[in-house]
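All values below were derived from every heavy atom in this structure, side-chain atoms included, with hydrogens, water molecules and symmetry-related copies excluded.
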Amino acid sequence: MQIDDAKSIIFYNGSTRRSSCGYCKKENSSFSNGMWASSLTVGAYQDMIDRGWRRAGKYCYKSSMEKTCCPLYTIRCDALNFELSKSQKKIIKRVTTFLKNGECEKNPVNTEYAEREPIMKYELEDIQNHDDKMKITNTDYLFDEEQSSSVIGSHNSTLATINIEDSKMVVPLNLSCNSEIKKDAKQVKPGKGADPNLPISKKKKLLRIQKKLAKDPNFVTTNSAPQQKCLEEFIAENDSVSTGEDKKLRVSLVKTGTEAFAQTFTAGAALFAKYQIAVHNDKADDCDMEQYLSFLVDSPLKEEKSNHPDHPGYGSFHQQYWLGDKLIAVGVIDILPKCVSSVYLFYDPDYHNLVLGTYSSLREIFLVRQLYNMSPNLKYYYMGFYIHSCTKMRYKAKFRPSYLLCPLKYTWHAIDKCIQKLDSEKYSIFDESGDIQDSDIFTIDNIPVLYRGSLMRYSAFKIIGNNTDEEEQIKEYKLLIGPKLARRLIYCIMG
């Protein structure tokens with residue numbers, strides 16, 4: 001049987017109901033559909049996020065928009081036309097100032113606005129059970145030898161490549177912002193105020209113009225707008241600060257599953273635990289190495305190389321922020337054919353005053369603009385989900401220009417117009433045209449199915465599988481992923 005894309009294998013879970021919402025914290029109010037991805041090509045995953053899906057580790061989920069408490073709208077920023085706001089410029093300058101003198105404002109951690117968004121966690125036991133079931137499907141023949149021997153794989157094989165005993169604690173620097181110290185309030189002495197008898201002070205520019213007019217009544221002023229610095233110039237100023245190697249900021253992009261990544265695994269796991277405990281109040285068992293590996297290291301994405309020699313390739317990466325020898329932040333991202341997709345961010349709470357959530361987003365937009373020069377189709381920065389019903393998630397609208405995905409027609413719409421609708425109703429359809437998005441020409445009988453190690457179409461499975469309960473679920477699956485992905489993804493049936 002000929003399949004267009006024989007490397008994307010999924011196991012559809014169907015509708016799930018979570019006990020609580022990670023955004024509004026309500027019990028039994030969050031609804032979604034989910035699937036486990038044994039493997040995905042970057043092209044297939046690009047199509048998935050363009051239909052409202054998102055991954056957490058190897059688990060992919062899509063909000064049931066009409067009934068969930070907090071509808072999750074996919075948001076992307078047009079990185080090539082990105083415009084820095086004043087507040088975003090201040091954040092980059094704040095980092096630059098910190099790198100120059102090692103000082104920043106010392107305020108307590110505000111956990112209400114400390115993270116981009118909560119991680120979608122699922123039981124580690126379920127992940128392991130799923131991986132065990134997937135082994136019996138005998139899917140190795142679908143992959144080339146190089147990919148199937150990749151370090152990216154099951155939890156045990158990945159852990160085997162990492163020597164936990166060789167881990168060393170990073171050396172603390174004298175640059176940390178102690179979150180326990182509060183900034184002293186400035187004492188202002190009482191006074192009489194401005195003297196009304198004195199002339200009004202004038203700016204130097206205005207005084208120069210007045211002098212020129214006094215000499216030459218025909219003098220004409222030309223008010224030319226000051227040239228605005230672009231993101232690249234601000235980042236270049238930031239990176240040029242060098243007051244010693246122990247104070248220098250180094251941002252490195254590391255592909256997961258590589259030897260270079262294994263060398264920094266322990267530092268990343270320790271930072272993840274520190275962040276989750278301080279910001280999300282997790283217990284130590286909820287953010288150990290197994291959890292870190294499951295949610296932020298394991299990825300279903302198959303690595304693909306680029307034709308450009310300087311391009312890092314496509315797949316899953318950790319963008320690491322080092323201050324000297326100390327890891328202070330990690331942005332987990334996927335590099336896909338059309339975008340850089342943000343997965344998660346965690347950072348050292350001691351440096352929360354640097355506003356690393358926004359700063360790392362700016363660095364990721366900067367990365368998109370760099371990659372565009374090597375891959376002209378890669379233009380967007382996907383920020384995960386925009387949740388209008390959750391106030392602290394509305395900050396994503398400040399990255400402009402940004403667009404939201406229509407949950408019905410899967411078309412993109414300027415966020416300003418979308419917000420007008422979301423102010424009235426939390427679940428809104430942005431595309432009001434009468435166009436039909438999906439064609440019904442492709443039937444479920446043609447969906448590629450993997451059953452007991454054999455690849456077949458669903459029509460053949462119905463003859464030998466004798467499982468009538470599967471039909472309703474596969475209809476729901478086709479509706480959620482659409483006809484294009486229904487052709488590309490291999491639907492795995494356990495038996």
No-hydrogen, no-angle side-chain donor-acceptor test under 3.5 Å, [X] and [Y]:
X: Asp445; Y: Thr443; result: no
X: Gln88; Y: Tyr359; result: no
X: Ser402; Y: Tyr386; result: no
X: Thr16; Y: Ser32; result: yes
X: Gln319; Y: Tyr321; result: yes
X: Lys89; Y: Gln228; result: yes
X: Arg76; Y: Tyr403; result: no
X: Tyr12; Y: Asn33; result: yes
X: Asp423; Y: His388; result: yes
X: Glu476; Y: Ser15; result: yes
X: Tyr314; Y: Gln46; result: no

(message) So Asn353 and Phe98, do their side chains get closer than 4.5 Å, heavy atoms only?
(response)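 The answer is no; the side chains never approach within 4.5 Å.
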(request) Report yes if the side chains of Phe399 and Leu362 come closer than 4.5 Å at any heavy-atom pair, otherwise no. (result)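 Yes. Closest side-chain heavy atoms under 4.5 Å.
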(message) In terms of relative ring orientation, are Tyr491 and Tyr477 parallel, tilted or perpendicular, with 30° and 60° separating the classes?
(response)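 The rings of Tyr491 and Tyr477 stand perpendicular, inter-plane angle above 60°.
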(request) On the 0 to 90° scale, with breaks at 30° and 60°, tag the Phe346-Tyr292 ring pair as parallel, tilted or perpendicular. (result) perpendicular
(message) Please check if the number of heavy atoms outside Lys229 that lie under 6.0 Å from its NZ is greater than 12.
(response) yes
(message) Between Asn13 and Trp36, does the side-chain contact (heavy atoms from CB on, under 4.5 Å) criterion hold? Intermediate values first, please.
(response) CA-CA 7 Å; Asn13 287 50; Trp36 293 102; 3.0 Å; yes
Compute the centroid of each ring, for [X] and then for [Y], and state whether the two points are separated by less than 6.0 Å.
X: Tyr275; Y: Phe272; value: no
X: Trp53; Y: Tyr410; value: no
X: Tyr73; Y: Phe385; value: no

(message) Applying side-chain contact (heavy atoms from CB on, under 4.5 Å) to Leu405 and Ile49, what does each step give before you reach the verdict?
(response) CA-CA 10 Å; Leu405 185 70; Ile49 63 175; over 6 Å; no
Hey, is the main chain of [Y] close enough, under 3.5 Å, to the side chain of [X] for a donor-acceptor pair?
X: His308; Y: Asp310; answer: yes
X: Thr264; Y: Phe261; answer: yes
X: His318; Y: Gln320; answer: no
X: Ser8; Y: Leu489; answer: no

(request) Given side-chain contact (heavy atoms from CB on, under 4.5 Å), test Ser29 with Thr68 step by step and report yes or no. (result) CA-CA 6 Å; Ser29 61; Thr68 195; over 6 Å; no
(request) Only counting residues at least two apart or in another chain, list the ones meeting salt bridge (Lys or Arg N to Asp or Glu O under 4.0 Å) with Lys421. (result) Glu432
(message) Can you list everything that forms a salt bridge (Lys or Arg N to Asp or Glu O under 4.0 Å) with Asp50? Sequence neighbours excluded, please.
(response) Lys338
(message) Taking Lys484 first and then Asp47, would you say they form a salt bridge - that is, a charged N and a carboxylate O separated by under 4.0 Å?
(response) yes
(request) Look at Arg55 together with Asp334 and state whether they make a salt bridge at an N to O cut-off of under 4.0 Å. (result) yes
(message) Assess the residue pair Leu327 and Asp348 against the criterion (side-chain contact (heavy atoms from CB on, under 4.5 Å)); give the C-alpha distance rounded to whole Å, side-chain angles, the decisive distance to 0.1 Å, and a yes or no.
(response) CA-CA 8 Å; Leu327 184 64; Asp348 191 329; over 6 Å; no
(message) Can you list everything that forms a side chain to side chain contact (heavy atoms under 4.5 Å, CB included) with Lys93? Sequence neighbours excluded, please.
(response) Phe234
(message) Rounded at 0.5 Å granularity, tell me how far CD1 in Ile92 sits from CZ in Arg363.
(response)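 Nearest 0.5 Å value for the CD1-CZ distance: 8.5 Å.
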